[in-house]
Amino acid sequence: MEANPELVAGTVCGSFAVFQVLFHFISYWFSAKVSPGYNSLSIEKKIEWNSRVVSTCHSLLVGIFGLYLFFFDEPTIADPLWGDSTLVKLNIATASGYLISDLLIILLNWKVIGDKFFVIHHCTALTAYYFVLKDGVLSYIANFRLLAELSSPFKCDVSLFLFSRWFFEALKYPKFSKANVINGILMTVVFFIVRIIAIPPLYFFVYSVYGTEPYIRLGFAIQCTWITTCLVLDVMNVMWMIKITKGCIKVISLIGQEKAKTSLQNGKLD
């Protein structure tokens with residue numbers, strides 16, 4: 001069933017408004033309630049904190065819903081190129097509203113959280129989502145890409161701080177604390193599963209449909225947008241995966257050095 005354009009547009013606007021309220025008001029209130037250390041943070045740290053809270057909420061919302069749609073949404077499963085689904089469009093509209101909201105937050109707080117890679121990522125995703133919402137094509141592929149958001153509660157940003165680890169460090173958890181180490185390992189594994197392992201099947205699918213009548217019917221503009229946006233996002237994912245892996249290996253190696261140092265200080269080498 002085709003989604004009503006007014007419903008889609010309303011979802012984008014509503015999503016934008018909700019994530020703005022979450023950033024400017026709810027995160028401040030909630031974080032102060034659940035974390036005693038929040039109030040002691042600087043204004044800059046609070047901006048970063050609230051940005052990550054909003055990102056995590058968005059990731060869990062669209063990621064979990066997207067996972068359900070990936071397995072059970074019949075229109076898009078039956079026709080990955082042209083299957084039009086109201087539920088998938090609403091999920092993509094929700095993600096689009098968040099991306100616009102996050103872009104605005106980044107631009108207004110550029111000195112604190114500004115990053116060109118985030119801007120490229122958001123603009124690339126919004127370009128692809130525009131065609132999905134406007135023409136009702138490639139909904140299955142767009143939803144498949146949204147599953148990558150399931151890594152966000154653990155993922156790192158381009159400055160190599162884990163979202164969750166950033167919270168730990170902002171609250172002055174020890175670098176080698178059990179929570180920090182476990183989070184780092186989980187982040188590396190989850191990021192690899194949902195963002196890297198998913199790359200080969202996507203391009204195999206592109207290869208399998210290339211030249212078919214449904215693919216040709218997409219038109220040159222949508223074909224180019226599909227391939228170009230996927231390539232940009234996947235190059236960024238590979239870059240981030242390399243950085244994440246290096247960071248994880250570094251932490252694990254430093255733990256060994258720290259243990260050895262502690263043993264020597266205690267007068268024995270275990």
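In this chain, numbering begins with 1 at the start of the sequence shown.
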Heavy atoms of Ala125 and Leu99 approach each other most closely as CB-CD1, 3.7 Å
Residue set satisfying ring pair (Phe, Tyr, Trp, His ring centres under 6.0 Å) with Phe144, at least two apart, ordered chain then number -> Phe70
### Query
So, Trp49 and Ser27: side-chain donor and acceptor under 3.5 Å apart, yes or no?
no
Between the NZ atom in Lys45 and the CG atom in Asn50, the distance rounded to the nearest 0.5 Å is 13.0 Å
Heavy atoms of Ser101 and Gln20 approach each other most closely as OG-NE2, 2.9 Å
Besides Trp29, the hydrophobic cluster formed by Ile, Leu, Val, Met, Phe, Trp and Tyr side chains linked at under 4.5 Å, directly or via other members, contains Phe30, Val34
Taken in chain and number order and not counting sequence neighbours, the residues that satisfy ring pair (Phe, Tyr, Trp, His ring centres under 6.0 Å) with Tyr215 are Tyr210
Closest non-hydrogen atoms of Pro201 and Ala198, given as atom of the first, atom of the second and distance, are CD-O, 3.4 Å
Between the main-chain N or O of Ala148 and the side-chain N or O of Arg195, is there a donor-acceptor pair closer than 3.5 Å?
yes
Between the CZ atom in Phe19 and the OG atom in Ser55, the distance rounded to the nearest 0.5 Å is 9.0 Å
Might you work through the side chain to side chain contact (heavy atoms under 4.5 Å, CB included) test for Ile196 and Ile199, ending with a clear yes or no?
CA-CA 5 Å; Ile196 304 302; Ile199 292 177; 4.3 Å; yes
Notebook entry, point to check: Parallel, tilted or perpendicular for Tyr140 and Phe205, by the 30°/60° rule?
Noted result: tilted
Ring pair (Phe, Tyr, Trp, His ring centres under 6.0 Å) filter on Phe25, not counting sequence neighbours, yields none
If you group Ile, Leu, Val, Met, Phe, Trp and Tyr by side-chain heavy-atom gaps below 4.5 Å, do Phe204 and Leu231 land in one group?
-> no
Sorted by chain and number, sequence neighbours left out, side-chain contact (heavy atoms from CB on, under 4.5 Å) with Ala142 holds for Ile92, Tyr129, Val132
Taking the side chain from Asn39 and the backbone from Ala32, do they hold a donor-acceptor pair closer than 3.5 Å?
-> no
| message | Does any part of the side chain of Thr245, heavy atoms only, come nearer than 4.5 Å to the side chain of Phe192, both counted from C-beta? | response | no
- Verify, without hydrogens or angle tests, whether Asp135 (side chain) and Val137 (backbone) share a donor-acceptor contact under 3.5 angstrom. no
One should read off an interatomic distance between Leu90 CG and Phe65 CZ, to the nearest 0.5 angstrom, of 7.0 Å
Shortest non-hydrogen pair, Val54 vs Tyr98, comes out as CG1-CE1, 3.8 Å
(message) I'd like to know if Trp240 and Ile197 are part of one continuous hydrophobic network [Ile/Leu/Val/Met/Phe/Trp/Tyr, side-chain heavy atoms within less than 4.5 Å].
(response) yes
Distance col, row Leu138:CG vs Leu218:CG, nearest 0.5 angstrom, shows 5.5 Å
So side-chain hydrogen bond (donor to acceptor under 3.5 Å, both in side chains) across residues 64-77, not counting sequence neighbours, yields Asp73-Thr76, Asp73-Ser85
Heavy-atom closest pair (Leu147 atom, Gly63 atom, distance to 0.1 Å) is CD2-O, 3.9 Å
The reported gap from NZ in Lys246 to OG1 in Thr188 (rounded to nearest 0.5 angstrom) is 13.5 Å
Q: Decide yes or no on side chain to side chain contact (heavy atoms under 4.5 Å, CB included) for Val53 and Phe23, but give the supporting numbers first.
A: CA-CA 8 Å; Val53 168; Phe23 174 81; over 6 Å; no
Across all chains, not counting sequence neighbours, the side-chain contact (heavy atoms from CB on, under 4.5 Å) partners of Ile26 are Val21, Leu22
When rounded to the nearest 0.5 Å, the distance separating NE2 of His121 from CG of Leu126 is 9.5 Å
Checklist entry - Quick check: does any side chain N or O of Ser15 sit under 3.5 Å from a backbone N or O of Val12, one acting as donor and the other as acceptor? => result no
side-chain hydrogen bond (donor to acceptor under 3.5 Å, both in side chains) pairs touching residues 222-235, sequence neighbours excluded, are Arg145-Asp234, Tyr203-Asp234
**Message:** Please determine whether residues Val112 and Phe117 belong to a single hydrophobic cluster, defined as Ile, Leu, Val, Met, Phe, Trp and Tyr linked transitively by side-chain heavy-atom distances below 4.5 Å.
**Reply:** yes
- prompt: So do the side chains of Val119 and Trp110 get within less than 4.5 Å of each other, counting heavy atoms only?
  reply: yes
Are Trp82 and Leu202 co-members of a hydrophobic cluster defined by side-chain heavy atoms under 4.5 Å apart? yes
So salt bridge (Lys or Arg N to Asp or Glu O under 4.0 Å) across residues 20-34, not counting sequence neighbours, yields none
If we only count heavy atoms from C-beta on, is the Asp84 to Pro75 side-chain gap below 4.5 Å? no
Taken in chain and number order and not counting sequence neighbours, the residues that satisfy side-chain contact (heavy atoms from CB on, under 4.5 Å) with Ile120 are Thr124, Val232, Met236
Determine whether a donor-acceptor pair (N or O, by modelled atom type, separation under 3.5 Å) exists between the side chain of Asn91 and the backbone of Val62. yes
Residues at least two apart in sequence or cross-chain that pass side-chain contact (heavy atoms from CB on, under 4.5 Å) with Ile113, listed by chain then number, are Ile47, Glu48, Ser51, Ile105, Ile106, Asn109
Residue pairs passing the salt bridge (Lys or Arg N to Asp or Glu O under 4.0 Å) test with at least one member in residues 205-226, sequence neighbours excluded, are Glu213-Arg217
Shortest non-hydrogen pair, Val190 vs Leu150, comes out as CG1-O, 4.0 Å
Quick one: does NZ or CZ of Lys46 land under 6.0 Å from the six-membered ring centre of Tyr28, within 45 degrees of the ring axis? no
Check: In terms of hydrophobic clusters joined by side-chain contacts under 4.5 Å, are Ile227 and Phe220 together?
Finding: no
